[in-house]
2 protein chains.
Amino acid sequence: MSLRHALLGLLHDGPASGYDLTKMFESRLERFAWHARHSQIYPELNKMAVDGLVEVIEEGPRGRRTYAITEVGRTDLHDWMMNPPADPQVRSEPLLRMFLLSTLDAEDARPLLRAHADSAAATIDWLRRETAEIPADPDETQLAQRILNEIGLRQNQAEYDWAMWAIAQLN
Amino acid sequence: MSLRHALLGLLHDGPASGYDLTKMFESRLERFAWHARHSQIYPELNKMAVDGLVEVIEEGPRGRRTYAITEVGRTDLHDWMMNPPADPQVRSEPLLRMFLLSTLDAEDARPLLRAHADSAAATIDWLRRETAEIPADPDETQLAQRILNEIGLRQNQAEYDWAMWAIAQLN
DNA sequence: TGAGGCATGTAAGAAGTTACATGATTTG
DNA sequence: CAAATCATGTAACTTCTTACATGCCTCA
């Protein structure tokens with residue numbers, strides 16, 4: 001039920017429509033943590049409303065429905081946050097590819113590692129630009145954003161460093 | 001089709017049964033890269049055999065069937081390895097939880113970050129022990145293993161450092 | 001008035017999970 | 001001979017992807 005909790009988590013910051021949440025997934029979660037399309041988000045919001053985790057608080061133009069998290073939703077989110085499973089499950093196609101690197105010879109592995117490094121470097125650039133836009137005297141949301149950007153920066157720096165190191169190992 | 005390619009990748013190292021591959025997933029892939037259960041692996045191997053990507057090369061006791069990758073399978077794996085998608089999709093529940101940290105107050109966030117750090121530290125310990133077992137003069141497989149352990153070490157070190165830094169930020 | 005973005009939806013199929021089910025072989 | 005492990009499978013269900021489908025609103 002990670003999708004459900006991702007949505008609750010996003011709604012914790014304030015009410016939003018399915019359309020807004022789809023955009024939030026794209027801009028905030030999809031790159032590092034979770035991925036979902038609108039075709040999964042809209043039905044899930046409807047189910048969550050039936051289950052009382054969210055409620056429609058406004059109907060706008062073009063059939064727009066703005067959802068807000070309910071008290072039940074908050075409790076559910078809090079429980080999920082505070083009880084992580086012992087055996088976390090991860091699915092990362094880029095990392096899987098790296099784990100299967102030994103199936104390639106050095107000539108093929110090198111450009112793949114290079115691409116991996118380039119991709120990490122591009123993400124670092126992007127996160128640095130994002131972070132630079134946060135004012136020196138941030139509010140709580142901006143402070144939280146800074147902490148999140150930091151995990152992305154450190155992770156991608158590790159990926160970059162590793163890829164460069166691995167290229168050196170091939171030689 | 002990541003499962004398919006994960007299986008082809010594991011079979012690239014040598015023939016194995018569905019049972020062996022299930023164990024390999026548990027010990028090698030599941031923690032960092034991909035996750036699959038035997039109930040998904042066995043049917044997939046059968047489909048892959050129909051598609052000519054793998055073949056049964058031996059039938060052993062208890063109905064054991066040993067699969068080997070075919071030339072078609074090798075080509076398919078190589079294509080997949082060399083053509084990573086532009087927008088990699090990642091799903092990580094632990095990271096999602098960190099991305100939703102701002103839904104908690106500081107008293108709740110602290111132990112969660114602590115647990116995140118502990119988990120990274122435990123993984124680092126485990127990887128260090130694994131790496132120490134690799135002889136000083138490794139063969140090709142062992143060298144590849146060392147490169148993989150290194151990515152895990154660096155990633156988890158980044159996670160650990162970040163979590164400790166984040167705890168400090170809360171104060 | 002046309003293009004782009006806003007806004008939501010469904011249907012079919014693929015992928016993945018959980019639970020049930022069975023039996024052989026090895027080892028202490 | 002009992003327990004652990006080896007070994008494979010299916011059924012029902014949930015989750016996720018891809019493609020199709022529709023129409024409104026805003027701005028240049």
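Every chain is numbered from 1, with letters handed out A, B, ... down the list of sequences. Only a predicted model underlies this, so the values are computations on that prediction, with no experimental measurement involved.
- The distance between atom CE of B/Met24 and atom P of D/dC6, rounded to the nearest whole Å, is 13 Å.
- If you take CD of A/Glu93 and P of C/dG16, they are 10 Å apart, rounded to a whole angstrom.
- Within the 4.0 Å cut-off from OP1 or OP2 of C/dT8, not a single side-chain nitrogen or oxygen of A/Asn46 is found.
- Here the P atom of nucleotide C/dG16 and the CD1 atom of B/Ile41 are 11 Å apart, to the nearest Å.
- Judged as a ring-ring contact (aromatic ring centres under 6.0 Å, His included), the pairs with a partner in residues 44-100 of chain B (not counting sequence neighbours) are, in order, A/Phe32-B/Phe99, B/His5-B/Trp80.
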### Task
If a protein heavy atom is under 4.0 Å from the base, mark B; if only from the sugar-phosphate, S; if neither, -; do that for nucleotides 11-22 of chain D going 5' to 3'.
----SSBBB---
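- Qualifying side-chain contact (heavy atoms from CB on, under 4.5 Å) partners for A/Arg110, counting only residues two or more places apart in sequence or in other chains: A/Ala106, A/Glu107, A/Ile167, A/Leu170, A/Asn171.
- The minimum heavy-atom distance linking A/Gly9 with B/Thr103 is given by the pair O-CG2, 3.8 Å.
- For the residue pair A/Gln155 and B/Gln155, no side-chain donor N or O sits within less than 3.5 Å of a side-chain acceptor on the partner.
- A 4.5 Å side-chain heavy-atom check between A/Arg146 and A/Thr131 finds at least one atom pair inside the cut-off.
- A/Leu113 pairs with exactly one of A/Met164, A/Met98, A/Gln169 by the side-chain contact (heavy atoms from CB on, under 4.5 Å) rule, that one being A/Met98.
- Across the protein-nucleic acid pair, B/His5 atom NE2 and C/dA14 atom C1' stand 15 Å apart, rounded to whole Å.
- Checked by atom type, the side-chain pair B/Ser2/A/Arg91 shows no donor-acceptor distance below 3.5 Å.
- Proximity of B/Tyr42 to the phosphate of D/dG9: no side-chain N or O atom is located under 4.0 Å from OP1 or OP2.
- Listed for the A/Asp139 side chain is a donor-acceptor partner under 3.5 Å among the backbone atoms of A/Thr141.
- For the segment residues 58-67 of chain A, the set of residues with a heavy atom within less than 4.0 Å of an atom of DNA chain D comprises A/Pro61, A/Arg62, in numerical order.
- The two residues A/Met48 and A/Arg4 make their nearest non-hydrogen contact at CE-O, 3.5 Å.
- Taking atom CZ of residue B/Arg4 and atom C1' of nucleotide C/dA15, one finds them 12 Å apart after rounding to whole Å.
- Atoms CG and OG, on A/Leu29 and B/Ser92 in that order, are 11.5 Å from each other to the nearest 0.5 Å.
- A salt bridge between A/Arg129 and A/Glu133 is absent, with no side-chain N of the basic residue lying under 4.0 Å from a carboxylate O of the acidic one.
- Of the residues in residues 9-19 of chain B, none has a non-hydrogen atom less than 4.0 angstrom from any atom of DNA chain C.
- Atoms CG (B/Leu45) and C1' (D/dT10) sit 16 Å apart, rounded to a whole Å.
- No side-chain heavy atom of B/His35 sits under 4.5 Å from any side-chain heavy atom of A/Val90.
- For the helix from C/dT1-D/dA28 to C/dG28-D/dC1, the angle separating the two terminal helix axes comes to 30°, with each axis derived from five pairs and the value rounded to 10°.
- In summary, A/Arg74 and A/Asp79 do not engage in a salt bridge, as defined by a charged side-chain N under 4.0 Å from a carboxylate O.
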